[in-house]
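Structure, as structure tokens:
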Amino acid sequence: MNSFTERVIEIILQIPAGKVMTYGQIAAYAGSPRGARQVVRILHSMSEKHQLPWHRVINAKGEIGFQDEESFFIQKMSLESEGIQFKDNKSINLQKYLFHPSNIIK
DNA sequence: GGATTGACATCCC
DNA sequence: CGGGATGCCAATC
């Protein structure tokens, strides 16, 4: 299945530990600048099947999107274990941890 | 093939 | 980066 979804997955897999990307960024690099929500949907559908590092995908504010606090906490711990430090209890320094792919996908 | 989904982005107050 | 409304797009159902 060669599609937007697959490119999104490829991009997510390229995010190095200790870095994060936003939904909008990923969508843009995958070819749809307005496709942030597709990324969300992909994570829901594919994360378990493809074993994606979904914990490295956050929203534009540098926060985890989860509303469920337990999942939120799990993701937060995952990020902290990769070296990302939270400023408050919920946000990270995007300018410091945001991953800027330059040539990961042709 | 149409309706639903979705952890967002962005504009506007 | 406070909070509500609106727009977006493609995979999934």
Side-chain angles (χ1 to χ4, degrees):
Chain A
M1 163 169 166
N2 301 319
S3 60
F4 177 79
T5 302
E6 195 164 278
R7 279 183 304 197
V8 169
I9 292 172
E10 297 275 325
I11 291 170
I12 293 173
L13 291 176
Q14 303 304 319
I15 305 174
K19 295 282 183 178
V20 297
M21 280 186 75
T22 70
Y23 299 93
Q25 253 196 323
I26 293 170
Y29 280 105
S32 287
R34 314 285 181 248
R37 308 184 71 172
Q38 277 59 271
V39 177
V40 171
R41 200 154 176 6
I42 289 164
L43 260 50
H44 271 254
S45 296
M46 316 294 272
S47 59
E48 298 192 5
K49 297 169 186 165
H50 288 253
Q51 301 180 338
L52 296 179
W54 51 269
H55 54 271
R56 299 189 190 133
V57 183
I58 61 177
N59 64 27
K61 289 176 262 180
E63 301 173 4
I64 298 166
F66 280 114
Q67 302 167 351
D68 178 60
E69 300 200 3
E70 291 188 5
S71 299
F72 184 103
F73 184 67
I74 291 172
Q75 182 168 4
K76 183 181 174 221
M77 280 198 309
S78 298
L79 294 175
E80 285 180 333
S81 70
E82 293 183 346
I84 295 176
Q85 297 170 354
F86 281 68
K87 295 181 1 180
D88 327 291
N89 216 2
K90 60 176 183 178
S91 63
I92 69 170
N93 187 336
L94 259 191
Q95 306 173 68
K96 181 174 179 182
Y97 295 116
L98 189 61
F99 178 50
H100 300 278
S102 49
N103 57 349
I104 59 172
I105 309 266
K106 286 199 307 96

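Every chain is numbered from 1, with letters handed out A, B, ... down the list of sequences. Quantities reported herein were computed from a predicted structural model and do not represent experimental measurements. Values below: all heavy atoms of this structure, side chains included; hydrogens, waters and symmetry mates excluded.
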message = Side chain of A:Met46, heavy atoms from C-beta onward: which of C:dC8, C:dT12, B:dA9 has the nearest atom to it?
response = C:dT12
inquiry  = Output the rounded distance in Å from CD1 (A:Ile74) to P (B:dA7).
reply    = 16 Å
ask   = Hey, does the side chain of A:Ser3 come within less than 4.0 Å of C:dA10's phosphate (OP1/OP2), counting only N and O?
value = no
request  = Looking only at side-chain atoms of A:Ser45, point me to the closest of B:dG6, C:dT12, C:dA11.
outcome  = C:dT12
query = Do A:Ile58 and A:Leu13 belong together in a cluster built from hydrophobic side chains that touch within less than 4.5 Å?
reply = yes
message = Rounding to an integer number of Å, can you tell me how far A:Ile26 CD1 sits from B:dA9 C1'?
response = 13 Å
ask   = Taking all non-hydrogen atoms of both residues, which atom of A:His55 and which atom of A:Leu79 are closest, and how far apart?
value = O-CD2, 2.9 Å
task = Would you confirm whether A:Asp88, through its side chain, and A:Lys90, through its main-chain N or O, come within 3.5 Å as a donor-acceptor pair?
result = no
key: Atom-to-atom span, CG of A:Leu98 to P of B:dA9 - whole angstrom   = 11 Å
note = Here the distance between atom C1' of C:dG3 and atom CD of A:Glu63, to the nearest Å, is 13 Å
Distance in Å, A:Glu10 CD paired with A:Ile26 CD1, rounded so as to fall on 0.5 Å steps = 13.0 Å
remark   = When rounded to whole Å, the CG to P distance for the pair A:Leu43 and C:dA10 reads 17 Å
query = In terms of side-chain heavy atoms of A:Phe4, which of C:dA10, B:dA7, B:dC8 is nearest?
reply = C:dA10
message = Taking the nucleotide of DNA chain B with the nearest heavy atom to each, does A:Lys61 or A:Val39 sit closer to the 5' end?
response = A:Val39
query = For A:Thr22, which contact category applies under a 4.0 Å heavy-atom criterion: base, sugar-phosphate, or nothing?
reply = sugar-phosphate
inquiry  = If we ignore hydrogens and angles and just use 3.5 Å, is the side chain of A:Tyr97 paired with the main-chain N or O of A:Ile84 as donor and acceptor?
reply    = no
Rounded distance (nearest 0.5 Å) linking atom CD1 of A:Ile42 with atom OH of A:Tyr23 = 11.5 Å
Side-chain donor/acceptor contact of A:Arg41 with base of C:dA10 under 3.5 Å = no
note = Picking from B:dA7, C:dC8, B:dA9, the nucleotide nearest the side-chain atoms of A:Asn59 would be B:dA9
query = If Ile, Leu, Val, Met, Phe, Trp and Tyr residues are connected whenever their side-chain heavy atoms lie under 4.5 Å apart, and connections chain through other members, are A:Trp54 and A:Met77 in the same group?
reply = no
Between C1' of C:dG2 and CG of A:Asp88, the distance in whole Å = 14 Å
note = Judged by nearest nucleotide, the residue sitting upstream toward the 5' end of DNA chain C, A:Arg34 or A:Ile42, is A:Arg34
task = Report the distance from atom CD of A:Gln25 to atom C1' of B:dA9, rounded to the nearest whole Å.
result = 13 Å
ask   = Rounded to the Å, how far apart are A:His44 NE2 and C:dC13 P?
value = 13 Å
query = Of all heavy-atom pairs between A:Gln25 and A:Leu98, which one has the smallest distance, and what is that distance?
reply = OE1-CD1, 3.2 Å
Watson-Crick and G-U pairing of DNA chain B written in dot-bracket, each distance under 3.5 angstrom, with | for inter-strand partners = .|||||.||||||
ask   = Is there a donor and acceptor pair, one atom on the side chain of A:Tyr23 and one on the base of B:dA7, closer than 3.5 Å?
value = yes
ask   = Which whole number of Å gives the distance between the P atom of C:dG3 and that of B:dG6?
value = 24 Å
